[in-house]
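Heads up, the thing below is written out as structure tokens.
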Amino acid sequence: MCDLGTGSTELGDAMLSEIEDVRGKLVLPVERDLYLKAEHRLITYAKIARHAGMIVT
């Protein structure tokens, strides 16, 4: 699941090179959350993100 800053969450494949090029509002690179422990299935997070207009955990 990703949102490349457009507010449109997508499920699917992404190339690592695409992710490396993404910068947020503070121009910081994307980081992996090493401590995230999923409490829901991915589809549930996707529905929450679509409703909120962004990825939330």
Side-chain angles (χ1 to χ4, degrees):
M1 181 169 69
C2 65
D3 178 349
L4 299 178
T6 63
S8 178
T9 304
E10 299 179 20
L11 286 175
D13 298 325
M15 293 177 55
L16 184 56
S17 60
E18 291 177 303
I19 296 171
E20 290 172 335
D21 290 340
V22 173
R23 297 290 186 263
K25 292 179 184 178
L26 299 176
V27 195
L28 297 172
V30 173
E31 293 183 359
R32 186 174 81 171
D33 186 346
L34 298 173
Y35 302 101
L36 176 67
K37 292 189 179 179
E39 298 176 5
H40 307 287
R41 296 175 61 189
L42 183 57
I43 193 68
T44 302
Y45 286 111
K47 288 177 183 178
I48 293 168
R50 285 190 194 111
H51 185 270
M54 64 181 175
I55 296 174
V56 292
T57 57

Within-4.5 Å side-chain heavy-atom neighbours: Leu11 and Arg50: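 In contact.
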Is there a side chain to side chain contact (heavy atoms under 4.5 Å, CB included) between Thr9 and His51? Walk through the geometry before answering. CA-CA 10 Å; Thr9 304; His51 185 270; over 6 Å; no
How far apart are the closest heavy atoms of [X] and [Y], and which atoms are they?
X: His40; Y: Tyr45; answer: O-CE1, 3.3 Å
X: Arg23; Y: Glu20; answer: NH1-O, 2.9 Å
X: Arg32; Y: Leu34; answer: NH2-CD2, 2.8 Å
X: Ile55; Y: Ala49; answer: CA-CB, 3.9 Å
X: Ala46; Y: Met1; answer: CA-SD, 3.5 Å

Would the number of heavy atoms belonging to other residues, nucleotides or ligands and lying under 6.0 Å from CE of Met54 be above 12?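 Open: at most 12 neighbouring heavy atoms sit under 6.0 Å from CE of Met54.
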For atom CG of Asp33, is the number of surrounding heavy atoms from other residues, nucleotides or ligands below 6.0 Å larger than 12?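 Correct, the count exceeds 12.
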